[in-house]
Amino acid sequence: MRERITIQTPTRTGDGTGGAALTWSALATLWAEVTTKSGAEVAQGERMEARARLTLRLRYRDDVTSVMRIVWRGDVFNIRGLRDPDGARRWLVIEAEGGGA
């Protein structure tokens, strides 16, 4: 586990006119093992955007959910899946997508 990641959690705050603004705050900054799985370019409106898929392995935490996101090397990755690979609550494996390829 040589990579530093930050897990961010969303917060919705009212804007005073009936709407809401979404902001992100850091839940934790910790060490993880990061493996890049693939990269691709996808059409986003009228431009191409680089996307990457990651698998992250970190010490088990029960406070991480799929609505959160990961920041790694300045890129933001949405959490797509979470699992405890052996059921022993030693490791948490996160599948994430986003950022740059």
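As the structure is a prediction and not an experimental result, all values here were calculated from the model.
- Judged by the 6.0 Å and 45° rule, R2 forms no cation-pi pair with W31.
- Proximity of F77 to I79: side-chain heavy atoms (C-beta onward) are nowhere separated by under 4.5 Å.
- In this structure, W72 and T36 have side chains that are in contact, with non-hydrogen atoms separated by less than 4.5 Å.
- Residues M1 and R59 form a side-chain contact, since some pair of their non-hydrogen atoms from C-beta on lies under 4.5 Å apart.
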Item to complete: Apply side-chain contact (heavy atoms from CB on, under 4.5 Å) to the pair E97 and L54, showing each step before the final yes or no.
Response: CA-CA 6 Å; E97 180 179 71; L54 304 176; over 6 Å; no
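- In plain terms, the two heavy atoms of D75 and G99 that are nearest each other are CB-CA, 3.7 Å.
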Practice prompt. Determine, step by step, whether R73 and R4 satisfy the side-chain contact (heavy atoms from CB on, under 4.5 Å) criterion, reporting the C-alpha distance in whole Å, the side-chain angles of both residues, the deciding distance to 0.1 Å, and the verdict.
Written response: CA-CA 8 Å; R73 294 184 177 178; R4 204 75 169 142; over 6 Å; no
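- Residues T6 and I70 are not in side-chain contact: their nearest non-hydrogen atoms beyond the backbone lie 4.5 Å or more apart.
- Note that OG1 of T23 is 9.5 Å distant from CZ of R12, once rounded to the nearest 0.5 Å.
- Separating the CZ atom in R90 from the CZ atom in R57 is a distance of 9.5 Å, to the nearest 0.5 Å.
- Side chains of K37 and E95 form a contact here, defined as non-hydrogen atoms less than 4.5 Å apart.
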Practice prompt. Go through D63 and R61 one step at a time and tell me if the salt bridge (charged side-chain N to carboxylate O under 4.0 Å, His left out) criterion holds.
Written response: CA-CA 6 Å; D63 58 350; R61 298 179 62 102; 2.8 Å; yes
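- Going from atom OG1 of T9 over to atom CD1 of I7 covers 10.0 Å, rounded to the nearest 0.5 Å.
- V93 places none of its side-chain heavy atoms less than 4.5 Å from the side chain of L82.
- By the 4.5 Å heavy-atom criterion applied to side chains, L58 and W91 are not counted as neighbours.
- Note that CZ of R80 and CZ of R69 are 12.5 Å apart. Values are rounded to the nearest 0.5 Å.
- Here CE of M68 is found 5.0 Å from CG of L27. Values are rounded to the nearest 0.5 Å.
- D15 is linked by a salt bridge (charged side-chain N to carboxylate O under 4.0 Å, His left out) to nothing, counting only residues two or more places apart in sequence or in another chain.
- A donor-acceptor pair under 3.5 Å is formed between the side chain of D84 and the backbone N or O of R89.
- Contact check for L56 versus E33: no side-chain heavy atoms found under the 4.5 Å cut-off.
- Of all the heavy atoms in N78 and R51, the pair that sits closest is ND2-NH2, 4.4 Å.
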